[in-house]
Amino acid sequence: MGGLVGVRALPFTFASHVLAAAAAVMVLVWNIHFRGGLAFESTNKNLIFNVHPVLMTIGFIIVGSEAIMSYKAFPGSHEVHKVVHLVLHAIALVLGAVGIYCAFKFHNESGIANLYSLHSWVGLGTICLYGIQWIFGFVTFFFPGAAPNLRRDALPWHVFFGLFVYVLALASAELGFLEKLTFLQSTGLAKYGSEAFLVNFTALVVILLGVSVVISAMAPAHIEDPHSYSAIPEN
């Protein structure tokens, strides 16, 4: 996959880190300050649900973003980058799975139907594709590792499909913010209140984060640097 001509990854990588930190703080403030806190077990079932947006945003989106940018953001050899990339994606996948579990747990214990919304369809499909992508990357590029020519041919598709799944994750997050805010407003939350503005701004920050991450992934680390994410060595 070719890089963006004349665009360096560094400014967008830095911007992504800042936006990721902002998104993490905002989603925590929303669910702890405005929604009452987090819990895996509680008589207040809303506290169980609150774990879902926190883990999906911080775990699935933010840690996943760092995994994509790991070839640009972390020092070290290609082998170190590969391990960091793999481990961060594994962490994102596990946290995303726990986040989805909390949504199902909330629905089941509250007598609410599962998998009826577009957000749930896209979200469940995304994490399944994420898992497939991780397994493919592990067996092809890590262990046992495919033949060099196969790895070379598979790399552009691995990068493309990874970014595609990442964009799906962003879309699912945006649908989730919209769905939850619509539910809250239908039960009396002020449409122009501070909580509504916080949720909307968090969603905007996540969009900007996604744009920065995709540009960072596609742009070369330096204008003529052959070791960018788009040109990972095969060995």
inquiry  = Using side-chain heavy atoms (C-beta onward) and a distance below 4.5 Å, is L155 in contact with F141?
reply    = yes

key: With N114 via side-chain hydrogen bond (donor to acceptor under 3.5 Å, both in side chains) - residues at least two apart   = H107, N108

task = Could you grab the distance from atom OG of S216 to atom NE2 of H17, nearest 0.5 Å is fine?
result = 7.5 Å

request  = Could you walk me through whether L88 and I68 pass side-chain contact (heavy atoms from CB on, under 4.5 Å), step by step?
outcome  = CA-CA 9 Å; L88 287 179; I68 290 173; over 6 Å; no

query = Do V211 and F12 have side chains that get closer than 4.5 Å, going by heavy atoms?
reply = no

Tell me which donor-acceptor pairs under 3.5 Å the side chains of residues 52-60 have, and how far apart each pair is, sequence neighbours excluded?
| residue | atom | partner | partner atom | Å |
| --- | --- | --- | --- | --- |
| H52 | ND1 | G99 | O | 2.7 |
| T57 | OG1 | P53 | O | 2.8 |

inquiry  = Using a 3.5 Å distance criterion without hydrogens, assess whether the side chain of S172 forms a donor-acceptor pair with backbone atoms of A169.
reply    = no

message = For a 4.5 angstrom cut-off between non-hydrogen side-chain atoms, does Y101 reach F104?
response = no

Give every donor-acceptor pair under 3.5 Å between a side-chain atom in residues 121-130 and any protein atom, sequence neighbours left out.
| residue | atom | partner | partner atom | Å |
| --- | --- | --- | --- | --- |
| W121 | NE1 | L115 | O | 2.9 |
| T126 | OG1 | V122 | O | 2.6 |
| Y130 | OH | H89 | ND1 | 2.5 |

request  = May I ask you to test the T182-L178 pair for a side-chain heavy-atom distance under 4.5 Å?
outcome  = yes

Worked verdict on E174 versus H119 for side-chain hydrogen bond (donor to acceptor under 3.5 Å, both in side chains) = CA-CA 9 Å; E174 296 305 308; H119 166 62; over 6 Å; no

ask   = Within the distance-only criterion (no hydrogens, no angle test), does the side chain of K45 pair as donor or acceptor with the backbone N or O of E109 below 3.5 angstrom?
value = no

All N/O donor-acceptor pairs, side-chain side in residues 19-41, below 3.5 Å, sequence neighbours left out:
| residue | atom | partner | partner atom | Å |
| --- | --- | --- | --- | --- |
| W30 | NE1 | E195 | OE2 | 2.9 |
| N31 | ND2 | V27 | O | 2.9 |
| R35 | NE | E195 | OE2 | 2.7 |
| R35 | NH2 | E195 | OE1 | 3.1 |
| R35 | NH2 | E195 | OE2 | 3.3 |
| E41 | OE2 | K105 | NZ | 3.1 |

key: All side-chain hydrogen bond (donor to acceptor under 3.5 Å, both in side chains) counterparts of T140, not counting sequence neighbours   = none

query = For F143, does the CZ atom sit with more than 12 other heavy atoms under 6.0 Å from it, leaving out its own atoms?
reply = no

task = Would you list the pairs meeting ring pair (Phe, Tyr, Trp, His ring centres under 6.0 Å) in which at least one residue belongs to residues 170-207, sequence neighbours left out?
result = none

Distance-only donor-acceptor check, side chains H158 and Q133, under 3.5 Å = yes

key: For the student: nearest non-hydrogen atoms of A67 and H85, plus distance   = O-ND1, 2.7 Å

Close side-chain approach of L86 to W134, heavy-atom, < 4.5 Å = yes

